[in-house]
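Comments concern the structure below.
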Amino acid sequence: MFGKRFLFVMTVMLLAAQVFTGCAAPAPAPSGGQAAPAGGEAAAPASGGKLEVFSWWTSGGEAAALQALFDAYSAQYPDVEIINATVAGGGGSAARGVLQTRLAGGDVPDTWQVHPGFELIGQYVEPGYVEPVTDLYEAEGWNDVVPEALRTMMTKDGEIYQVTVGVHRGNGFWYNKQLLADNGIEVGDTLSVDEFIAIADQLKAAGVTPLCVGDSGIWATAQLFENTLLGAIGPEAYNGLWDGSTRFDDPGVKQAMETYGKMLEYQNEDHSALSWDQAVKKLMEGGCAFNSMGDWAYGEFVNAGLTDNVEFGWVSHPGTAGSFMIVADGFPIGKGSANPENARNWLKVIGSKEAQEAFNPLKGSICARTDCDRAKFGVYHNWSMDSFANDALVPSVVHGSAAPADFQQALNDAVTVFVVDKNVDAFANALVAAAQSSGFGK
Ligand code: GAL
């Protein structure tokens, strides 16, 4: 088990080391001397029937982006009825449990939303719930346009099990430009923790809520901690958490816990009543200044008709400039599902350049392929693509890639306790114990 966990961390570090240019780079010439076909295999004849797509994409921005994928699919397979099986709850907080129950009971969706890394391999590949799709990568030419290290995160024993449709940047820090301007505040290209605290104190004194949090799902504040942790210890030590070379009671980790506790002092009073997207909405409406969130938040801004760098701005979460927290989304084919051929065609569509160029501008993520056209993306996406190409890449534990599900749950539990008691030593000890019991902590 240790070896496998280490492999994922190494894979993400390898991603960082590769010349990996997001959506910017021209696709290398496919082997065999032929251009990669846009649609790869000839479209299978419309077979009719149904396609059940299971996800937690229910917020305004998420739903709009998902619809773009449905539209792309329906354009090629108009006779297939799409069943949009969503379970609300950001980060899959509710959906993953529902899915496990369905899978255990043999009620297998045709395809479902999944993060590569531990979530894909540990929860779906190892129990035998998904089909390999390695042949699709060959037939569609994806081995030439999907970076090898990303493919490695979706691979077990030489077989690939997922098609990734987009790569989110988890360590975003979004702000309401007008509200800051009204208070005489301008945010530069980067923001340190100290700079944020100075701004937050100024806002608080002026009666403005500095930080919007929507943690009706605990994962959102766990992510605030995850981002703060990355900022405090940096990408190398952060990656070391997942192979035991950094301990969770390291002084840097404890400092992150102190800073996280401090940040909580700046949050909105109604944080636990709001979902993540309601917190973004509150920011848009001027109810608070900043929100620490993956760039699915971007999907909410565009869905509300707002424009990059006009109504909203962004910077890396305080202290995390130079790092890109990977939160990638993809889909597998459910083994024993009712419509595997329709699911296979779904994967062919969402793996295509066209579908990814339609989906990602609405979702906030960047393409999982290296050949998307940058001109089809706005200012934020181009910034994120540059970050992906140049920055240290780190996996998210809150979104399933860095560590197994039991540790993810233990983190949520420890955060739930910490937000009440603010006991740093207890928080650190809980995470040390959880890492040990998950098998990667020392
Ligand atoms: C993440 C997922 C994103 C977004 C977010 C909030 O886990 O990767 O696509 O949906 O949750 O729901």
Side-chain angles (χ1 to χ4, degrees), residues 12 53-69 84-99 111-120 123-124 150 153-154 162-172 174 212-224 226-227 274-281 283 291-303 317 324-332 350 355-356 359-368 381 384 388 393-403 405 408-409 411-412:
V12 170
V53 180
F54 182 99
S55 81
W56 58 88
W57 285 338
T58 58
S59 76
E62 290 174 334
L66 179 58
Q67 186 59 47
L69 293 181
N84 183 13
T86 52
V87 176
S93 46
R96 281 196 303 273
V98 171
L99 180 59
T111 188
W112 58 84
Q113 184 184 350
V114 61
H115 300 121
F118 276 99
E119 190 176 305
L120 172 71
Q123 294 179 49
Y124 308 122
L150 188 55
M153 292 176 77
M154 309 182 272
Q162 171 187 332
V163 173
T164 297
V165 66
V167 182
H168 279 295
R169 191 175 190 277
N171 52 317
W174 308 88
C212 250
V213 175
D215 60 355
S216 61
I218 195 70
W219 67 273
T221 194
Q223 183 183 265
L224 178 62
E226 174 176 83
N227 283 336
L274 301 184
S275 58
W276 71 270
D277 50 313
Q278 288 171 327
V280 176
K281 185 156 185 276
L283 182 153
N291 175 245
S292 181
M293 188 50 60
D295 53 17
W296 43 93
Y298 178 91
E300 299 308 301
F301 291 119
V302 275
N303 192 53
H317 179 91
F324 186 116
M325 178 83 75
I326 293 180
V327 185
D329 289 305
F331 291 82
I350 68 167
Q356 294 200 6
F359 169 82
N360 287 299
L362 302 175
K363 190 66 169 65
S365 39
I366 59 175
C367 292
H381 279 85
S384 181
F388 195 53
L393 304 177
V394 298
S396 165
V397 59
V398 172
H399 298 278
S401 291
Q408 190 182 350
Q409 183 58 47
L411 174 65
N412 284 339

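Atoms within each ligand, like the ligands themselves, are counted from 1 in listed order.
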Polar contact flag for G91 and ligand 1 (N/O pairs, less than 3.5 Å) =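 Yes, since at least one N or O of G91 sits under 3.5 Å from an N or O of ligand 1.
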State whether the shortest distance between N or O atoms of W219 and N or O atoms of ligand 1 falls below 3.5 angstrom.
-> no
On a heavy-atom basis, the closest approach of R96 and G91 is NH1-O, 2.7 Å
Could you pull out the closest heavy-atom pair between A328 and T164, with the gap in Å?
-> CB-CG2, 4.0 Å
Among all protein heavy atoms, pick the one closest to [atom] and tell me residue, atom and distance.
atom                   : value
atom 2 (C) of ligand 1 : D329 OD1, 3.4 Å
atom 6 (C) of ligand 1 : E62 OE2, 3.2 Å
atom 1 (C) of ligand 1 : H399 ND1, 3.3 Å

Is the H115 to W56 ring centre distance short of 6.0 Å?
->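 Yes, they do, as the ring centres are separated by less than 6.0 Å.
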What class does the angle between the rings of W57 and F331 fall in, given that below 30° is parallel, 30 to 60° is tilted and above 60° is perpendicular?
->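 If you compare the ring of W57 with that of F331, the planes turn out perpendicular.
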How are the rings of W296 and W276 set relative to one another: parallel (under 30°), tilted (30 to 60°) or perpendicular (over 60°)?
->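 W296 and W276: perpendicular rings.
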As an exercise, identify every atom of ligand 1 less than 4.0 angstrom from a heavy atom of [X].
X    : value
G90  : 12 (O)
K363 : 3 (C), 4 (C), 9 (O), 10 (O)
V327 : 8 (O)

Does a donor on one side chain and an acceptor on the other come within less than 3.5 Å for D277 and S275?
-> yes
